[in-house]
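Let me begin by presenting the structure, written as structure tokens, before commenting on it.
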Amino acid sequence: MTPIHEIESSHTMSVLVDNEPGVLARVIGLFSGRGYNIESLTVAEVDVTDNLSRITVVTSGTPMIIEQIKAQLERLVPVHGVSDLTVEGPHVERELALVKVVGKGEKRVESLRIADIFRARAVDSTNTSFVFEIVGDTGKLDAFISLMGPLGLVDVSRTGVAAIARGTDVMEHDL
Amino acid sequence: MSKNQMTGAEILLKALTDQGVDTVFGYPGGAVLPIYDEIFKQNKIKHILVRQEGGAVHAAEGYARSTGKTGVVLVTSGPGATNAVTGLLDAMMDSIPLVCICGQVPTHLIGNDAFQEADTTGITRPCTKHNYLIKDIDDLARRVHEAFHVASSGRPGPVVIDFPKDVTMAKGDYIPPTKVVHKSYNPQVKGDIGKIEEAVKILSAAKKPLIYAGGGVINSGPAASQLLTQLVEATGAPCTLTLMGLGALAASNKHFLGMVGMHGTYEANMAMHDCDAMLCVGARFDDRVTGRLDAFSPESKKIHIDIDASSINKNVHVDLGIVGDVGHVLEDMIKIWKSGRNKVADKALGAWWKEIDGWRGRDCLSYGASDKVIKPQYAIERLYELTKKQKDVYITTEVGQHQMWVAQHYGFEEPNRLMTSGGLGTMGYGLPAAMGVQIAHPDALVIDIAGEASALMNIQELGTIAQYNLPVKVFILNNQYMGMVRQWQELLHGGRYSESYSEALPDFVKLADAFGGVGMRVEAADDLDDAIKEMNATDKFVIMDIAVDPEENCFPMIPSGAAHNEMLFGPEDKAASPVSEEGMVLV
Ligand SMILES: Cc1cc2nc3c(=O)[nH]c(=O)nc-3n(C[C@H](O)[C@H](O)[C@H](O)COP(=O)(O)OP(=O)(O)OC[C@H]3O[C@@H](n4cnc5c(N)ncnc54)[C@H](O)[C@@H]3O)c2cc1C
Ligand SMILES: Cc1ncc(C[n+]2csc(CCOP(=O)(O)OP(=O)(O)O)c2C)c(N)n1
Ligand SMILES: [Mg+2]
């Protein structure tokens, strides 16, 4: 059996940063420079008055690496706070994908049927193609995309994960 | 807009003055001409003109490490900035506070591959604590003040300000330092009291305690070294120091075991291996210190005090991490220790010291004395003997065997007295660093203990040393080899000395002369004392070229990939334990 301290697991971290030039480069540079994984990364401004952006990053590593990643992120000067949502309690994760499927006949009908089951919406269609929009957690999107594979899947665009704590909790950060 | 608007260059100079800057190390160029024009017009800040920008950064490091203040560098765009990069990373690795102002092409040309343009913020991002590109004159004063705060607080480090030429000439308002608030950056200095109490419990329950302290004690300021000494004496525990920590506890203190790590003493490494409680104070479990990680101090409970949470549990898992400034945490720890009448059981401590004395008896720093050639260790011993009574002595080193012999054979009684490149191991650091130290301490005896190869890496700075009449001493242990490289080739590569011979060395005596200093050459051990005395008494800069045993290796040594209790003591040891494959890939 692998000892606990060597088991890698996936963690979703929420990083509140000053929305200033170069801040994303600092975060990405930290991951590439220190050899950490990035499974998904999203960033957008979330507070116009205080000029803050939220970066949501899904990463994986042993407990010691995860602790390092959090500490290293907190060390960056424009970072206001980091929360490891995976350990800090229940949270919601959502991702959006746009999935293009090209085909005719039976496959085309089947893709619509599956989209319906997954509550994906067709946001564009031609006689021979659909673009589906699907929202959900990463697992749901993966499942949908893999089902579309044999049905004429030609292109996928995903946003990466956005996440937030459940309930009344607000992320701690210095302002 | 107020009526007393100033240019960017004026604002910069005013901000530097308000930050208490008295010295800037720099080199001019097109992008910084308006700043140099402002420097010309004032006389509060002294500008030291170096001979290459790399020299400016190391000089600022020497200045900073020997004073505790922030070192300031000014370079031009493009090649000026790129020449500064090695020094910036050096300062980053060794936690030295610097502010480096780089010229930049005007904002409208950024990104156009303009003349002498470099993506300075991009290049320096991973080798600075933080960097700023100032695009708006209204940000300037605030950013400069912020830069000093970031550089000097928390875990110190270098900060770059990239300063486009149009902004140096634009007009804006000045803001004094008091008006600057920091939104996101607020390092924690006080340690958690509950954890400090727990640490005291662990230490007082120990039978074989060890204090392992490092550069963080020196970063924290001289008071922290005094507190460390108090804690060592209150607990009665043995204490070892890293290369970066030397001087934090006086070398003559009877609790001091010498340096730990690859070229540390036998007693320090054995104590680290065998202790049952380890208190790490401002050190970072560097690979030079830990040796093979899976065999690192297997029986001990580990406590780590560090201001940087990312240093804790980075390489070695510890039982108790205390985030905070060494000075603050030690003060609380001593209070708690004394108020609870804590004590390490005398009997256990006695037995522990007895064991340690046994290791000390191994006399691991002894070397084969010789009357034919000068042993490099002997040269350092003599230098130490002949300088230790002097009141104000600062030592810098280059990188290599000589650096390790300094750590082993020169006794540092106070913090901030040794300036050396530990983390990056930058050859060419010592000479410009000595120059920076001498500028900060004009009346002190400042000696760069060098190898002949390292000495040449920034030899151009003799020009600076001459220009400002700095009586720096360059004490070259000339073994005609990149000795440290040769030693590893002997140990790991069958003695094939590929490119490690110092071919075509200059005549250092003539070299000193050419720059207007005094050159000396010593070839016999008997002449050494007189030469050192003469060197110390000379009020000009001196290069002392000492012919030392070219074959001498630095022992003891933990070969890479080995554990603390697998030290090599001398040449006779090397055949016994060949370095493992895993060890070979390590540096
Ligand atoms: C050829 C060569 C051989 C070497 N061999 C050895 C050797 O045998 N032994 C050895 O020890 N080193 C050796 N070194 C040096 C080694 O590479 C490291 O630089 C050194 O061990 C690091 O020292 P340190 O742990 O004290 O950390 P530093 O690099 O000084 O880091 C300081 C630590 O303290 C923390 N800190 C900073 N300020 C504060 C504060 N105010 N309060 C609390 N914490 C703070 C920082 O966050 C950091 O974790 C060698 C270097 C070279 C070039
Ligand atoms: C800039 C740089 N290049 C290469 C090295 C690798 N290196 C480490 S020690 C050393 C040899 C140093 O020789 P010298 O200055 O003569 O010192 P000695 O070991 O002989 O005392 C070299 C090349 C380094 N540390 N820094
Ligand atoms: Mg040499």
Side-chain angles (χ1 to χ4, degrees), chain A residues 3-7 13-36 46-55 59 61-84 87 171-175, chain B residues 89 92 95 107 110-111 119-136 139 142-143 146-151 153-160 162 181-188 284-285 293-294 304 306-318 321 323:
Chain A
I4 291 184
H5 64 269
E6 283 172 21
I7 295 176
M13 302 215 188
S14 186
V15 190
L16 214 51
V17 300
D18 280 327
N19 180 16
E20 63 179 29
V23 66
L24 187 60
R26 278 179 217 287
V27 170
I28 293 177
L30 183 108
F31 276 76
S32 63
R34 293 185 183 268
Y36 306 144
V46 290
D47 184 333
V48 186
T49 358
D50 286 325
N51 201 28
L52 296 177
S53 290
R54 186 185 297 275
I55 298 176
T59 181
T62 61
M64 223 160 132
I65 296 282
I66 296 292
E67 184 188 340
Q68 263 297 299
I69 293 176
K70 186 163 185 275
Q72 291 289 353
L73 284 168
E74 277 168 343
R75 204 158 89 112
L76 298 177
V77 171
V79 167
H80 288 253
V82 182
S83 71
D84 182 342
V87 301
M171 190 174 149
E172 251 184 66
H173 63 86
D174 358 271
L175 251 192
Chain B
L89 185 55
M92 182 75 173
S95 304
T107 39
I110 290 179
D119 174 6
T120 303
T121 48
I123 291 169
T124 61
R125 198 173 288 128
C127 47
T128 52
K129 183 169 172 186
H130 195 54
N131 60 21
Y132 302 96
L133 169 63
I134 313 287
K135 285 190 158 167
D136 184 347
D139 287 339
R142 189 161 51 86
R143 293 304 192 201
E146 219 174 275
F148 276 86
H149 175 63
V150 170
S153 61
R155 178 180 187 165
V159 176
V160 159
D162 200 17
V181 284
H182 304 275
K183 288 192 299 179
S184 57
Y185 174 78
N186 294 301
Q188 181 181 344
R284 56 185 175 83
F285 294 93
L293 275 175
D294 60 10
H304 186 177
D306 204 296
I307 203 159
D308 179 354
S310 80
S311 280
I312 298 175
N313 288 332
K314 181 193 275 174
N315 302 326
V316 168
H317 178 80
V318 297
V323 177

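Heavy atoms only: backbone and side chains are in, while hydrogens, waters and symmetry mates are out. To find a chain, count down the sequence lines: A is the first, B the second, and so on, and within it residues start at 1.
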Next on the checklist: Taking side chain as everything from C-beta outward and backbone as N, CA, C, O, which of these in Val316(B) sits under 4.5 Å from a heavy atom of chain A? Side chain, backbone, both or neither.
Outcome noted: backbone

Checklist entry - Which bit of Glu20(A) is near chain B, if near means a heavy-atom gap under 4.5 Å: side chain, backbone, both or neither? => result side chain

Checklist outcome for this item: Arg125(B) and Ala25(A) have their tightest heavy-atom pair at NH1-CB, 3.2 Å

Checklist entry - Looking at Leu133(B), Ile312(B), Val150(B), Asn131(B), which makes the most heavy-atom pairs under 4.5 Å with chain A? => result Asn131(B)

Checklist entry - Which atom pair, heavy atoms only, marks the closest approach of Lys183(B) to Asp18(A)? => result NZ-OD1, 3.6 Å

Item to check | Between NE2 on residue His80(A) and OH on residue Tyr185(B), distance to nearest 0.5 Å | outcome: 14.0 Å

Checklist entry - chain A heavy atoms under 4.5 Å from Asp308(B): which part of the residue, side chain, backbone, both or neither? => result side chain

Checklist outcome for this item: Residues Asn313(B) and Glu67(A): closest non-hydrogen pair is ND2-OE2, 3.0 Å

Checklist entry - Less than 4.5 Å apart, any side-chain heavy atom of Arg75(A) and any of Lys129(B)? => result no

Next on the checklist: Quick check: closest heavy atoms across Met64(A) and His317(B), and the distance to 0.1 Å?
Outcome noted: CE-N, 3.9 Å

Checklist entry - Do Ser310(B) side-chain atoms and Ala71(A) backbone N/O form a donor-acceptor pair below 3.5 Å? => result no

Item to check | Among the listed options Gly29(A), Gly33(A), Pro78(A), the residue most often paired with chain B at heavy-atom distances under 4.5 Å | outcome: Pro78(A)

